[in-house]
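Just below is one structure, and these are the notes that go with it.
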Amino acid sequence: MKIDFKGITAEELSFKLNRVKLKPDDKLDIKPQFSRQVRKVTGNDKLNFIALSVKIESTEAEPKPFDINVTLVGVFEVEVANQNEERNFVIEGTKLIYPYLRSAVTNLTASAYISPLNLPVITGPIFPEDRDVYAFSVDSNKLN
């Protein structure tokens, strides 16, 4: 499998400050929600887009000091021979985009003059559905 990373763009960067009153002993649970979309270009099977998003939204039940919505889109040219290689590309492409997403969230919160939010460093697959495939692909590589 050959992956050629062509670039990345921000599809959405939004920040909204919420006037949430917290007591000094209150613990804040941010709970970022991640999502991903994979798209192919019609007429060019090699050109793929991976959109990686993170959303943090305040609710009455779980108030948060801000709402954030960030979506970054990575552009890839990839040659895959089978469905297993395609899934591995999606996992690897997601891992490649995630540090940019972390940086965008940190910069967005810092630009709003609040304490910068640093999403956790994730070294393996982000999405639960990728973990079984990743474990299999890593283990099968050890056999070679």
Side-chain angles (χ1 to χ4, degrees), residues 1-80 82-141:
M1 171 176 59
K2 181 184 173 226
I3 299 174
D4 189 9
F5 180 51
K6 295 294 188 183
I8 194 163
T9 57
E11 194 168 271
E12 181 169 356
L13 296 169
S14 67
F15 175 90
K16 180 181 156 243
L17 189 63
N18 300 320
R19 302 287 177 203
V20 174
K21 299 257 187 218
L22 294 173
K23 297 179 185 106
D25 58 340
D26 280 350
K27 293 235 191 274
L28 194 59
D29 196 3
I30 297 294
K31 289 185 185 171
Q33 299 170 334
F34 295 96
S35 61
R36 168 182 64 198
Q37 266 192 322
V38 181
R39 298 180 300 239
K40 286 184 183 292
V41 172
T42 308
N44 184 353
D45 285 344
K46 291 181 182 180
L47 200 56
N48 291 263
F49 298 95
I50 297 178
L52 189 59
S53 301
V54 63
K55 187 181 282 192
I56 300 168
E57 288 183 310
S58 186
T59 62
E60 266 191 53
E62 295 183 15
K64 296 177 178 57
F66 49 78
D67 292 345
I68 285 180
N69 197 352
V70 174
T71 301
L72 299 182
V73 179
V75 182
F76 299 88
E77 199 170 287
V78 62
E79 293 180 38
V80 293
N82 55 46
Q83 204 154 2
N84 189 41
E85 279 190 3
E86 191 166 332
R87 288 203 54 191
N88 284 336
F89 151 68
V90 171
I91 293 167
E92 293 304 314
T94 302
K95 283 172 47 180
L96 199 145
I97 297 168
Y98 182 72
Y100 292 96
L101 188 72
R102 285 185 73 235
S103 177
V105 168
T106 300
N107 289 333
L108 191 59
T109 52
S111 295
Y113 301 105
I114 64 168
S115 250
L117 173 63
N118 294 303
L119 295 176
V121 172
I122 300 175
T123 56
I126 296 169
F127 296 95
E129 64 268 22
D130 295 343
R131 293 187 184 125
D132 59 337
V133 173
Y134 185 76
F136 174 76
S137 67
V138 169
D139 291 340
S140 65
N141 287 336

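Fair warning: this is a prediction, and the values are worked out from it, not measured in the lab.
- Of all heavy-atom pairs spanning A51 and V73, the tightest one is CB-CG2, 3.9 Å.
- Taken to the nearest 0.5 Å, the CG atom of L17 stands 11.5 Å off from the OG1 atom of T109.
- In this structure, the side chains of R36 and I126 stay at 4.5 Å or more apart for every pair of heavy atoms.
- Using modelled atom types, one finds a donor on one side chain and an acceptor on the other under 3.5 Å when comparing T106 with N118.
- The pair E57-K64 does not meet the salt-bridge criterion, since no charged nitrogen lies less than 4.0 angstrom from a carboxylate oxygen.
- Considering all non-hydrogen atoms of both residues, V70 and A104 come closest at CG1-CB, 4.0 Å.
- Going from atom CD1 of I50 over to atom CD of Q37 covers 11.5 Å, rounded to the nearest 0.5 Å.
- N69 contributes atom CG, which lies 4.5 Å from atom OG of S14 (distance to the nearest 0.5 angstrom).
- F49 contributes atom CZ, which lies 11.0 Å from atom CD1 of I97 (distance to the nearest 0.5 angstrom).
- Rounding to the nearest 0.5 angstrom, the gap separating the CG atom in L13 from the CG atom in L72 is 6.5 Å.
- Atom CD1 in I3 sits 8.0 Å away from atom CG in L96 (nearest 0.5 Å).
- Ring planes of F89 and F76: perpendicular class, angle over 60° (limits at 30 and 60°).
- Judged by distance alone, with hydrogens and angles left aside, the side-chain atoms of D45 form no donor-acceptor pair with the main-chain N or O of G43 at under 3.5 Å.
- Looking at K95 and D130, no side-chain N of the basic residue comes within less than 4.0 Å of a carboxylate O on the acidic one, giving no salt bridge.
- Checked against V80 for a side-chain contact (heavy atoms from CB on, under 4.5 Å), the options M1, K2, R87 give a single hit: M1.
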